[in-house]
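What follows is a single structure, written as structure tokens, with notes after it.
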Amino acid sequence: MLDINFIRNNPDRVKQAIVHKHENAASIDQILELDTQRRSAIHACEQLKSKRNEKSKEVSELKKKGQNASAIIEETKKIGDEIKSYEEKLSGLEPQINNLLLRIPNIPATDVPIGKDAEDNVIVKAWGQRKTFDFAPMSHWELGRILNILDLERSSKISGSGFILLKGYGAKLERALFNFMLDVHTREHGYTELFPPFLVNRASMTGTGQLPKLEDDMYRTATDDLFLVPTAEVPVTNIHRDEILSYKEIPLYYTAYTPCFRREAGSYGKDTRGIIRVHQFNKVELVKIVKPETSYNELESLLLNAEKILQLLGLEYRVAKLCTGDMSFAAAKCYDIEVWAPGVGKFLEVSSCSNFEDFQARRMNIRFRDEDGKLRFVHTLNGSGLALPRTVIALLETYQQKDGSVTVPEVLQPYMGGINVIVKK
RNA sequence: GGAGAGGUGGCUGAGCGGCUGAAAGCGACGGUUUGCUAAACCGUUGUAGAGACUAAAUCUCUACCCCGGGUUCGAAUCCCGGCCUCUCCGCCA
């Protein structure tokens with residue numbers, strides 16, 4: 001959420017930013033108009049309240065002396081009615097303003113390239129050698145079927161399309177990967193491991209910015225109005241909602257494994273084969289809560305922490321700095337990490353590392369008391385470290401051999417019971 | 001799911017419908033004293049909003065004692081609804 005004061009003082013800058021993010025800037029004028037009405041109503045209302053307080057005091061003094069106060073009481077009743085009418089006006093205006101404000105996207109940072117869509121993203125880094133094959137590399141779904149580790153026919157029988165059933169070494173590989181990732185982030189990168197709830201309430205979903213805009217993309221349990229987490233970002237960042245932290249306790253680094261649930265509404269027909277785009281997937285997430293002046297350095301190190309996983313797995317990847325049009329609603333700056341999948345012949349997004357500045361902190365009301373005792377909003381960041389299905393895709397497709405077996409990278413072998421190759425059982 | 005108890009500032013804990021933004025204690029911060037530390041003593045110690053040419057400092061006002069309504073001239077205090085916590089019972093992995 002943006003600061004209403006900031007919008008008031010910089011309406012053109014905000015509108016420009018919204019246009020760059022390909023959202024509708026018209027609501028800014030509407031917000032400003034409603035805000036003017038709101039403030040004048042507050043002013044009038046508060047003056048009346050002040051008057052009422054004075055009169056009430058008079059009543060109390062008269063009564064103490066045993067005198068009749070009915071004239072003043074009558075007068076004050078009328079003031080009370082007027083106050084009520086202003087309060088009604090305000091209780092109409094405030095949710096309107098708030099709803100509009102919650103739908104205004106964050107402003108991109110100044111060094112974010114202005115652009116329309118993924119075409120305009122800027123590749124800022126490429127790592128690893130392109131793997132060459134002396135045979136035609138297979139796709140992960142072919143490999144999964146041959147090795148009997150991935151069974152998409154049966155998962156769609158159980159749940160529907162977009163769900164994954166892993167078997168045998170496929171299941172083990174999944175578990176190996178998120179354990180490995182959590183170990184790297186906790187041991188080498190200083191993150192605290194968390195295991196959060198997988199169902200969260202509306203306030204949490206609003207805090208990180210999934211609601212109100214993206215409700216259609218979320219799984220919701222109707223009876224209790226709880227949402228299945230679309231990412232660990234939601235429960236983890238909301239840990240400190242409505243809290244005041246000390247400058248001594250931040251930065252906070254958290255990592256958590258959760259499954260992630262996404263309806264993927266509106267993406268029908270995209271990436272329908274295999275496990276590139278699914279409704280439920282596993283992910284290890286990195287979340288940082290930091291001081292504003294450090295957040296851009298923290299973003300760079302967060303990105304490196306996520307990249308480290310691919311480096312250790314020996315998978316080729318590249319890093320894209322997203323343009324304004326491709327960034328998410330809440331982000332001020334965002335890098336995507338894309339891993340090369342030779343079987344499908346594509347780079348696949350496995351991580352999005354974002355700095356939200358104080359956009360989420362404002363929604364969640366997470367502040368900290370700085371060295372001078374002042375209250376300020378923290379900055380929040382997060383990134384996948386990493387999303388599993390696409391990492392599995394890259395792994396299977398990159399390490400496949402002519403006979404369909406897949407070698408296991410050395411770092412994963414201890415997590416896989418010591419085996420160095422997955423063969424058909 | 002049933003029965004009961006309770007939610008007050010950073011924490012503990014008072015609070016009669018007006019004199020309570022809130023006693024007292026603890027903690028924290030500043031100061032005096034001290035070679036240093038401790039102790040003692042003195043002082044300070046919430047947040048948000050609106051307004052004052054106002055960006056900062058300052059001042060004025062308003063609101064906030066879990067949240068939302070209501071009663072009243074006036075609510076931390078009375079009434080209703082909700083949320084949360086604790087205890088007991090039931091059910092259950």
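Taking a 4.0 Å limit (strictly below) on heavy-atom distances, residues 66-88 of chain A reaches RNA chain B at A:I73, A:T76, A:K77, A:K84. Listed by residue number, the members of residues 366-377 of chain A with any heavy atom below 4.0 angstrom from RNA chain B are A:R367, A:R369, A:L375. Proximity of residues 234-245 of chain A to RNA chain B (heavy atom under 4.0 angstrom from any strand atom) is not detected for any residue. Residues of residues 29-42 of chain A having a heavy atom closer than 4.0 Å to RNA chain B, listed by number: A:R38, A:R39, A:I42.
In summary, the aromatic rings of A:F329 and A:F359 are positioned with their centroids under 6.0 Å apart.
Heavy-atom minimum distance, A:L395 versus A:L315: CD1-CD1, 3.8 Å. Closest approach of A:L313 to A:Y399, counting heavy atoms only: O-OH, 2.6 Å.
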Apply side chain to side chain donor-acceptor pair (under 3.5 Å) to the pair A:E285 and A:Y257, showing each step before the final yes or no.
CA-CA 6 Å; A:E285 185 74 359; A:Y257 153 78; over 6 Å; no

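No contact: A:K64 has no heavy atom under 4.0 Å from any strand.
Applying the salt bridge (charged side-chain N to carboxylate O under 4.0 Å, His left out) test to residues at least two apart or on different chains, the pairs with a partner in residues 10-19 of chain A are A:K15-A:D29. Residue pairs satisfying the salt bridge (charged side-chain N to carboxylate O under 4.0 Å, His left out) criterion with at least one member in residues 373-389 of chain A, sequence neighbours excluded, are listed as follows: A:E293-A:R376, A:D370-A:R376.
A distance of about 16 Å separates the C1' atoms of B:G68 and B:A63, rounded to the whole Å.
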Give every pair of a protein N or O atom and an N or O atom of nucleotides 61-69 of chain B that lie under 3.5 Å apart, one pair per line with the distance.
unit_1 : atom_1 : unit_2 : atom_2 : d
B:C61  : O3'    : A:S50  : OG     : 3.3
B:U62  : OP1    : A:N53  : ND2    : 3.1

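The separation between A:L62 atom CG and B:G74 atom P is 16 Å, rounded to whole Å. Atom-to-atom, NZ of A:K63 to P of B:C73 comes out at 8 Å; the value is rounded to the nearest Å.
The pair A:D336-A:K321 does not count as a salt bridge, with every side-chain nitrogen at least 4.0 angstrom from each carboxylate oxygen. Under the 4.0 Å criterion applied to side-chain N and carboxylate O atoms, A:E75 and A:K51 are not assigned as salt-bridge partners. Using a 4.0 Å cut-off between charged nitrogen and carboxylate oxygen, A:K78 and A:D81 do not count as a salt-bridge pair.
Residues forming a salt bridge (Lys or Arg N to Asp or Glu O under 4.0 Å) with A:E349 (at least two apart in sequence, or on another chain): none. Residues forming a salt bridge (Lys or Arg N to Asp or Glu O under 4.0 Å) with A:E233 (at least two apart in sequence, or on another chain): none. A search for salt bridge (Lys or Arg N to Asp or Glu O under 4.0 Å) contacts involving A:E94 returns A:R38, not counting sequence neighbours. The ring-ring contact (aromatic ring centres under 6.0 Å, His included) check on A:F6 picks up nothing, with sequence neighbours excluded. Applying the salt bridge (Lys or Arg N to Asp or Glu O under 4.0 Å) rule to A:E249 yields no partners; only residues at least two apart in sequence or on another chain are considered.
Within 6.0 Å of atom CD in A:E215, more than 12 heavy atoms from other residues, nucleotides or ligands are found, so the atom counts as buried in its surroundings.
With both pairing distances under 3.5 Å, B:U87 is matched to B:A3 as a Watson-Crick or G-U wobble pair. Checking B:A40 for Watson-Crick or G-U wobble geometry (two distances, each under 3.5 Å) identifies B:U32 as its partner.
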